[in-house]
Amino acid sequence: MNKRSFHFFVAFIFLIVISLGWLFCQRPGMPALKTMGSIGLLQLAFTCWSWKRLQGNMINPYCLFVVAAYLFTFGQSLLYPFDLVSPQRDLLNSYVLPFSFQDIFNSQLLTLLFLNFMHIGAICALKPASQVSLNSEHPVSSALERPPISHFHQLYGIKLVGWGLFAISFLPFFVKSFTEYGVVKSYGYGAIYEQEVHIGLANINYILSSYFIPSILCLLVAYHTSRRAKFFFLGILLLDIIFTLFIGGRTQAVILASVVLLVQHNLIRPLKWKELLFVGLSAYLFLRLLSVISEVRSNSHRTFSDYFSNTGEVQRFTSPITETFSEMGSSMMPLAATMQLVPQVRSHRYGSTFFYSLTTIIPNLGFWDIHPGKEYATLGDWLQRELQLGYGPGYSIVAEAYLNFGIFGFFFMLLYGFVLARIFRSITPEISKNHPLQFLLVILFCQLGLATVRNSFIAIVRTVFYYLLVVYAGVTILNRHKSKTASKLQ
């Protein structure tokens with residue numbers, strides 16, 4: 001049995017165990033939920049270990065994506081075996097939408113089934129670690145692993161594209177940031193989502209501002225060998241993380257911090273064990289901070305001192321870490337609610353949400369009052385309307401697969417895992433240094449697309465067409481022009 005066959009075998013063992021639970025546990029209670037939570041812990045550990053064994057690199061966007069997917073779509077279940085779920089966050093105690101043991105158990109089974117199929121799809125796309133190392137010296141004929149332009153020309157193009165995006169996004173980004181600061185300062189974090197919604201060209205300021213962080217990542221990759229420039233751009237990213245946390249936007253801050261870690265380990269310099277211990281300690285403190293932010297961010301007229309003064313209050317009543325995991329894990333709610341609605345109340349979508357997501361490549365220049373993609377593929381808004389909630393519940397790729405295809409959504413998750421692995425497998429310290437454009441595109445995909453663990457497929461479409469293709473096309477055009485110029489001079 002070769003290495004990949006062994007990982008397939010273990011993954012299918014998990015599938016059999018999950019299926020047996022579905023067949024034989026007819027009246028689940030808390031013991032059943034704890035059992036599935038334990039299986040989920042083992043499956044998460046196996047998924048990360050499997051990637052490490054096959055690819056030789058665990059600090060990788062795929063592992064980051066997998067951990068985020070489990071924490072958000074299965075987080076509370078991971079705490080059930082240890083009785084650590086915060087009572088205020090427990091979906092079983094939800095006052096908004098009552099869930100029974102059966103509802104949570106069904107959601108656990110479907111989540112584990114779909115996430116397991118996602119990893120089986122990923123295994124299909126993986127190569128042995130030795131072969132990955134060989135490819136860093138002799139790239140194969142894959143379009144992702146054989147860049148058409150030289151390393152030097154890639155960095156030249158990335159640099160120009162980065163400065164170009166910086167020039168058009170700098171002012172809109174700071175206008176947006178100061179506007180958000182003023183709104184949060186006066187009314188609290190929730191007021192950001194209560195502002196007037198602009199569509200089409202009326203939203204141009206927000207559209208341009210969204211290119212600021214990608215521009216900084218472009219420049220960080222282009223100047224990663226310059227010590228002074230590297231620290232300058234890392235400093236900008238750190239300031240943005242601090243600002244985002246201050247106003248209460250935790251998800252984007254966590255994603256950006258994770259992306260910085262990926263860039264440091266895979267491009268600038270691989271982290272050593274002592275540095276990894278420091279990263280682990282920092283992550284622990286970071287998670288403690290998130291629970292404090294959750295309690296404080298709705299307050300108006302707050303200052304930095306409020307975060308420190310509230311730390312003791314949060315710790316007095318609950319563990320900050322388990323509170324954070326309990327809140328993150330409540331993102332299983334969209335799946336549980338969707339399973340209550342579909343197919344009993346609403347019918348399956350049969351792939352239509354993915355189709356309408358693809359329509360977002362067409363900008364709304366006044367053709368529609370509401371873009372079809374926003375109307376039919378923004379599933380967090382759809383669920384909010386169905387449940388008549390006063391807040392956005394978010395969504396998840398697992399819930400969207402079920403909404404479209406029911407139990408047969410595992411076919412989509414299989415394909416989804418294959419595509420993710422094809423994209424993320426190229427991120428190793430060896431390949432990243434030789435193919436900076438490839439590395440940059442994957443990092444941008446990770447920074448902009450990681451939020452899909454608690455969003456719908458539409459976020460990935462926007463990421464690819466409005467950001468990745470812009471960067472790729474810009475770098476390619478600039479370098480072809482430079483190559484032609486250089487050949488004429490010769």
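Using a distance-only test at 3.5 Å, with no hydrogens or angles considered, no donor-acceptor pair links the side chain of Asp90 to the main chain of Val85. When atom types are taken as modelled, the side chain of Ser210 and the backbone of Ile207 share a donor-acceptor pair closer than 3.5 angstrom. Of the possible donor and acceptor atoms, one in the side chain of Asn266 sits under 3.5 Å from a partner among the backbone N and O of Leu262. With hydrogens and angles ignored, the 3.5 Å screen pairs no side-chain donor or acceptor of Arg89 with any backbone N or O of Ser330. Formation of a donor-acceptor pair under 3.5 Å by the Ser215 side chain with backbone atoms of Phe212 is found in this model. Thr324 contributes a side-chain N or O that, together with a main-chain N or O of Leu287, makes up a donor-acceptor pair within less than 3.5 Å. When atom types are taken as modelled, the side chain of Ser209 and the backbone of Phe173 share no donor-acceptor pair closer than 3.5 angstrom. Of the possible polar contacts, none joining the His348 side chain to the Tyr350 backbone as a donor-acceptor pair under 3.5 Å is found. Side-chain atoms of Trp51 come within 3.5 Å of backbone atoms of Asn57 as a donor-acceptor pair (strictly under, hydrogens ignored). Under a 3.5 Å cut-off, the side chain of Ser94 and the backbone N or O of Leu97 do form a donor-acceptor pair.
In the displayed structure, Phe355 atom CZ is contacted under 6.0 Å by at most 12 heavy atoms of other residues, nucleotides or ligands. Counting heavy atoms of neighbouring residues, nucleotides and ligands inside a 6.0 Å radius, atom CD of Gln388 does not exceed 12 of them. The environment of CZ in Phe405 is crowded: more than 12 heavy-atom neighbours from other residues, nucleotides or ligands sit within 6.0 Å. Around OH of Tyr376, the count of heavy atoms belonging to other residues, nucleotides or ligands within 6.0 Å does not exceed 12. Few gaps surround CZ on Phe243; more than 12 heavy atoms of other groups in view lie less than 6.0 Å from it.
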Given the rule in the ring pair (Phe, Tyr, Trp, His ring centres under 6.0 Å) test, do Phe412 and Phe354 qualify, once you have shown the distances and angles that lead to the verdict?
CA-CA 11 Å; Phe412 171 80; Phe354 301 122; 4.5 Å; yes

Show your reasoning for whether side-chain hydrogen bond (donor to acceptor under 3.5 Å, both in side chains) applies to Ser326 and Gln76.
CA-CA 5 Å; Ser326 296; Gln76 288 193 6; 5.5 Å; no

Should Thr353 and Tyr395 be marked as a side-chain contact (heavy atoms from CB on, under 4.5 Å) after you check the CA-CA gap, both sets of side-chain angles, and the distance that decides it?
CA-CA 13 Å; Thr353 68; Tyr395 216 67; over 6 Å; no

Using the side-chain contact (heavy atoms from CB on, under 4.5 Å) rule, take Leu383 and Leu341 through it: C-alpha gap first, then chi angles, then the decisive distance, then the call.
CA-CA 10 Å; Leu383 190 61; Leu341 291 169; 3.9 Å; yes

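Phe286 meets the ring pair (Phe, Tyr, Trp, His ring centres under 6.0 Å) test with no other residue; sequence neighbours excluded. The salt bridge (Lys or Arg N to Asp or Glu O under 4.0 Å) check on Arg250 picks up Glu327, with sequence neighbours excluded.
Side-chain contact check for Phe105 versus Met36: some heavy-atom pair is nearer than 4.5 Å. Side-chain contact between Phe99 and Gln340 is present, with at least one heavy-atom pair separated by less than 4.5 Å. Taking the side chain as every heavy atom from C-beta outward, Thr73 and Arg454 never approach each other to under 4.5 Å. Considering only heavy atoms from C-beta on, Phe439 comes within 4.5 Å of Leu267 through its side chain. Leu44 is listed as a side-chain neighbour of Cys48, based on a closest heavy-atom distance under 4.5 Å. Two residues are said to be in side-chain contact when any heavy atoms from C-beta on lie closer than 4.5 Å; Ile236 and Asp240 fail this criterion. Two residues are said to be in side-chain contact when any heavy atoms from C-beta on lie closer than 4.5 Å; Val464 and Tyr472 fail this criterion. Side-chain contact between His119 and Phe46 is present, with at least one heavy-atom pair separated by less than 4.5 Å.
Between the CG atom in Leu245 and the CG atom in Leu290 there is a gap of 7.0 Å [rounded to 0.5 Å]. Summarising the geometry, atom CZ belonging to Phe101 is positioned 13.5 Å from atom CG belonging to Asn106; distances are rounded to the nearest 0.5 Å. Remark: Leu256 CG to Leu450 CG distance equals 11.0 Å, nearest 0.5 Å. How far OG of Ser107 is from OH of Tyr402: 9.0 Å, rounded to the nearest 0.5 Å. With rounding to the nearest 0.5 Å, the separation of CG in Leu92 from CE in Met30 is 5.5 Å.
Annotation: cation-pi pair Arg349/Trp382 present, NZ/CZ under 6.0 Å from the ring centroid and within 45° of its normal.
Under the 6.0 Å cut-off for aromatic ring centres, Tyr211 and Tyr467 qualify, their centroids lying closer than that.
With hydrogens and angles left out, the side-chain atoms of Gln88 and Ser86 include a donor and acceptor closer than 3.5 Å.
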